[in-house]
**Student:** 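Attaching a single structure in structure tokens format; questions to follow.
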2 protein chains.
Amino acid sequence: MGKQLERARERMKTSGFKMTPKRLDLLGYLFEANRYVSAREVAEELRLSHPSLSYDTIYRNLNDFAAIDILETTELDGEMKYRAACVSGTHHHHLICRSCGKTETLDVCPMEWLGPVNESGFEIEDHKFEIYGRCAACLKN
Amino acid sequence: MGKQLERARERMKTSGFKMTPKRLDLLGYLFEANRYVSAREVAEELRLSHPSLSYDTIYRNLNDFAAIDILETTELDGEMKYRAACVSGTHHHHLICRSCGKTETLDVCPMEWLGPVNESGFEIEDHKFEIYGRCAACLKN
DNA sequence: TGACAAAACGGAATAATTACGTCTTACATA
DNA sequence: TATGTAAGACGTAATTATTCCGTTTTGTCA
């Protein structure tokens, strides 16, 4: 039984989410995939075992899980993509393959390099740093 | 007559785009706004003077202009936002206000700090570095 | 000025995402 | 193990952003 799943169960319990067969399968798929996937991909996969699964359920679960840090999200190519949160737990960024969604982790963060950039009174809430391209596997077609 | 508009006319001519009253107004609005705006905002503004303006026309022009670097784009809050390209011409990044879309320019780029990150054969095509928050003006409500 | 390619129109299609009212189920508790 | 209840799931429909396409209008240049 994966460490990721253990962690997910804990967080769900803490936050008052129940585990259901669908949620288990959704998490299983994402932990296995280990890349950014779209809601549509999730739907296509999970409907093999749960033919009536609705998008409402898929989006609700994906967003709920992202809210409790079981998943990470990014907006890419006009749609939201979801992946298992990196186990490291520490702040990090990604190289993201545009073909398959696989990622490589960058353990550095440009915010650390920047001096105080808010002289003007800008209040920083968040940031995004992502590198896009093609992974070695996809380059070989 | 603005330098930005001169530059836009040049680029349009070079790329074979015709200037029309609507395009002129669209550019005027964006050059004046000087912040990220959505297609909807553009539509609402331009329809004051061109009531029948269609979204097709708006999106076509916005994307055409972005393609020839008269505009910059970013994907934010589930939609595409457009703004006048920064005149500097040099590569840069932005702090973006989530309330009003105004930006502050960061002249540094994290890619310069990163050593070679593509040891694994990942081919870098592009990157995105944006800082989100509230600008001083919006903080005062 | 006239011809022609580009631009705009307009309305409908597509695609992602969310809302909502109802039915079902996981799970704590007895 | 049975059961009550709040959470989850359903499913359909609404919303919203974006694009497509066939037709009409318009800028530009000879």
Side-chain angles (χ1 to χ4, degrees), chain A residues 5 8-29 36-68 70-71 73-83 101, chain B residues 5 8-29 36-68 70-71 73-83 101:
Chain A
L5 188 52
R9 282 187 187 279
E10 275 175 38
R11 287 190 168 270
M12 288 175 67
K13 174 151 288 187
T14 304
S15 304
F17 289 99
K18 297 175 184 171
M19 182 57 81
T20 69
K22 282 160 194 168
R23 290 181 162 180
L24 192 57
D25 287 353
L26 188 154
L27 290 174
Y29 172 60
Y36 276 112
V37 299
S38 64
R40 191 177 38 72
E41 286 178 279
V42 172
E44 285 170 3
E45 173 67 23
L46 291 200
R47 281 176 174 172
L48 298 176
S49 40
H50 306 275
S52 72
L53 193 63
S54 76
Y55 270 99
D56 179 75
T57 299
I58 290 167
Y59 277 109
R60 184 167 22 76
N61 284 327
L62 289 173
N63 291 326
D64 284 348
F65 289 159
I68 59 174
I70 292 175
L71 301 181
T73 67
T74 194
E75 200 172 336
L76 191 53
D77 296 330
E79 63 187 355
M80 216 61 185
K81 308 277 182 115
Y82 303 82
R83 60 159 293 145
Chain B
L5 189 52
R9 282 187 188 280
E10 276 175 38
R11 288 190 168 270
M12 286 174 69
K13 174 151 286 189
T14 306
S15 304
F17 289 98
K18 297 177 182 169
M19 182 56 82
T20 70
K22 282 160 194 168
R23 288 180 164 180
L24 193 56
D25 288 353
L26 189 153
L27 290 174
Y29 172 59
Y36 277 112
V37 299
S38 64
R40 189 178 39 72
E41 285 177 280
V42 172
E44 284 169 6
E45 174 67 23
L46 292 199
R47 281 176 174 172
L48 297 177
S49 40
H50 306 275
S52 71
L53 193 63
S54 75
Y55 270 99
D56 180 74
T57 298
I58 291 166
Y59 276 109
R60 184 168 19 77
N61 285 328
L62 289 173
N63 291 326
D64 284 349
F65 290 158
I68 60 175
I70 293 176
L71 301 181
T73 67
T74 193
E75 200 174 335
L76 192 52
D77 295 330
E79 61 186 357
M80 216 63 186
K81 307 278 182 113
Y82 302 82
R83 58 160 293 144

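Order of the sequence lines sets the chain letters (A, B, ...), proteins ahead of strands, with each chain counted from 1. Below, all heavy atoms of this structure are taken into account, side chains as well, without hydrogens, waters or symmetry copies.
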**Student:** Using heavy atoms and a sub-4.0 Å distance, could you list which residues of residues 59-68 of chain A are near DNA chain D? By number, please.
**Tutor:**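 Hits under 4.0 Å, by residue number: A:R60, A:N61.
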**Student:** By side chain to side chain contact (heavy atoms under 4.5 Å, CB included), which residues pair with B:S49, not counting sequence neighbours?
**Tutor:**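 Per chain and number, B:S49 pairs via side chain to side chain contact (heavy atoms under 4.5 Å, CB included) with B:D25.
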**Student:** Tell me which residues in residues 42-53 of chain A put a heavy atom below 4.0 Å from DNA chain D, sorted by number, or none.
**Tutor:**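 Correct list: A:S52, A:L53.
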**Student:** To the nearest 10°, give me the bend of the helix from C:dT1-D:dA30 to C:dA30-D:dT1, comparing the axes of its five terminal pairs at either end.
**Tutor:**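 Overall, the helix from C:dT1-D:dA30 to C:dA30-D:dT1 bends by 30° from one end axis to the other.
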**Student:** In whole angstrom, give the distance that lies between atom CG of B:D77 and atom P of D:dT18.
**Tutor:**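 Those two atoms, CG and P, are 12 Å apart.
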**Student:** List for me each residue that meets side chain to side chain contact (heavy atoms under 4.5 Å, CB included) alongside A:E44, sequence neighbours excluded, and say none if there are none.
**Tutor:**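 If we apply the side chain to side chain contact (heavy atoms under 4.5 Å, CB included) test to A:E44, skipping adjacent residues, the hits are A:R40.
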**Student:** Any heavy-atom pair between the side chains of A:T74 and A:R83 that's under 4.5 Å?
**Tutor:**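 A:R83 vs A:T74: side chains apart.
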**Student:** Listed by chain and number, what are the side-chain hydrogen bond (donor to acceptor under 3.5 Å, both in side chains) partners of B:R23, not counting sequence neighbours?
**Tutor:**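 Only B:N61 meet the side-chain hydrogen bond (donor to acceptor under 3.5 Å, both in side chains) criterion with B:R23.
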**Student:** Report the C-alpha distance between B:D64 and B:I70 in whole Å, list the side-chain angles of each, state the deciding distance to 0.1 Å, and finish with yes or no for side chain to side chain contact (heavy atoms under 4.5 Å, CB included).
**Tutor:** CA-CA 9 Å; B:D64 284 349; B:I70 293 176; over 6 Å; no
**Student:** With heavy-atom distances below 4.5 Å as the criterion, would you say the side chains of B:Y36 and B:L76 are in contact?
**Tutor:**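 No, every pair of side-chain atoms sits at 4.5 Å or beyond.
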**Student:** Quick one: list whatever passes salt bridge (Lys or Arg N to Asp or Glu O under 4.0 Å) with B:R60, sequence neighbours left out.
**Tutor:**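 If we apply the salt bridge (Lys or Arg N to Asp or Glu O under 4.0 Å) test to B:R60, skipping adjacent residues, the hits are B:D56.
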**Student:** If you restrict it to nitrogen or oxygen atoms, what contacts under 3.5 Å exist between nucleotides 25-30 of chain C and the protein, and what is each distance?
**Tutor:**
unit_1: C:dA26; atom_1: O3'; unit_2: A:M19; atom_2: O; d: 3.2
unit_1: C:dC27; atom_1: OP1; unit_2: A:M19; atom_2: N; d: 3.3
unit_1: C:dC27; atom_1: OP1; unit_2: A:M19; atom_2: O; d: 3.3

**Student:** With sequence neighbours left out, what residues match A:E10 under side chain to side chain contact (heavy atoms under 4.5 Å, CB included)?
**Tutor:**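 Per chain and number, A:E10 pairs via side chain to side chain contact (heavy atoms under 4.5 Å, CB included) with no residue.
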**Student:** Write down the distance between CG (A:L26) and P (D:dA9), rounded to a whole number of angstrom.
**Tutor:**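 About 9 Å, once rounded to whole Å.
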**Student:** What is the distance, rounded to the nearest whole Å, between atom CG of B:L76 and atom P of D:dT18?
**Tutor:**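 After rounding, the reported distance stands at 12 Å.
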**Student:** Whether B:R23 contacts C:dA7 is assessed here as follows: a side-chain N or O lying under 4.0 Å from the phosphate OP1 or OP2. Is that the case?
**Tutor:**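 It does, given that an N or O in the side chain of B:R23 lies less than 4.0 Å from OP1 or OP2 of C:dA7.
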**Student:** With B:A66, which residues qualify under side chain to side chain contact (heavy atoms under 4.5 Å, CB included), at least two apart?
**Tutor:**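 In terms of side chain to side chain contact (heavy atoms under 4.5 Å, CB included), with neighbours along the sequence ignored, B:A66 is linked to B:L71, B:T73.
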**Student:** Taking CE from B:M12 and C1' from C:dA6, how many angstroms apart are they, rounded to a whole number?
**Tutor:**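 Rounded to the whole Å, the gap is 11 Å.
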**Student:** Can you tell me how far C1' of D:dG11 sits from CD1 of A:I58, to the nearest Å?
**Tutor:**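 Taking CD1 of A:I58 and C1' of D:dG11, I get 13 Å after rounding.
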**Student:** List for me each residue that meets side-chain hydrogen bond (donor to acceptor under 3.5 Å, both in side chains) alongside B:S54, sequence neighbours excluded, and say none if there are none.
**Tutor:**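 side-chain hydrogen bond (donor to acceptor under 3.5 Å, both in side chains) check on B:S54 returns B:T57.
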**Student:** When you get a sec, tell me which of D:dA17, C:dA16, D:dA9 is the closest nucleotide to the side chain of B:R40?
**Tutor:**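 Output: D:dA17.
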**Student:** What is the distance from CG of B:L24 to P of D:dT28, rounded to the nearest Å?
**Tutor:**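 The distance from CG of B:L24 to P of D:dT28 comes to 11 Å, rounded to the nearest Å.
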**Student:** Do side-chain atoms of B:E41 reach the backbone of B:S38 as a donor and acceptor pair under 3.5 angstrom?
**Tutor:**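 Looks like yes, one N/O pair under 3.5 Å.
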**Student:** If I compare all heavy atoms of B:L27 with all of B:A8, which pair ends up nearest, and what's the gap?
**Tutor:**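 Heavy atoms only, the tightest pair is CD1-CB, 4.0 Å.
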**Student:** Atom NZ in B:K22, atom CD1 in B:I58: separation rounded to 0.5 Å?
**Tutor:**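 Interatomic distance, B:K22 NZ to B:I58 CD1, rounded to 0.5 Å: 10.5 Å.
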**Student:** Could you give the CD-to-C1' distance, from A:E79 to D:dT18, as a whole number of Å?
**Tutor:**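 Going from CD in A:E79 over to C1' in D:dT18 covers 13 Å.
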**Student:** Return the value, rounded to whole Å, for the distance between atom NZ of B:K22 and atom P of C:dA6.
**Tutor:**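 My rounded result for the distance is 18 Å.
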**Student:** With rounding to the nearest 0.5 Å, note down the distance linking CG in A:L46 to CG in A:L26.
**Tutor:**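 CG of A:L26 is found 5.0 Å from CG of A:L46.
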**Student:** Return the polar atom pairs (N/O with N/O) between nucleotides 12-14 of chain D and the protein under 3.5 Å, or none.
**Tutor:**
none

**Student:** Could you walk me through whether A:M12 and A:F65 pass the side chain to side chain contact (heavy atoms under 4.5 Å, CB included) test, one step at a time?
**Tutor:** CA-CA 8 Å; A:M12 288 175 67; A:F65 289 159; 3.8 Å; yes
**Student:** I'd like to know whether B:Y82 forms a side chain to side chain contact (heavy atoms under 4.5 Å, CB included) with B:V42, so could you lay out the CA-CA distance, the side-chain angles of the two residues, the decisive distance to 0.1 Å, and finally the verdict.
**Tutor:** CA-CA 9 Å; B:Y82 302 82; B:V42 172; 6.0 Å; no
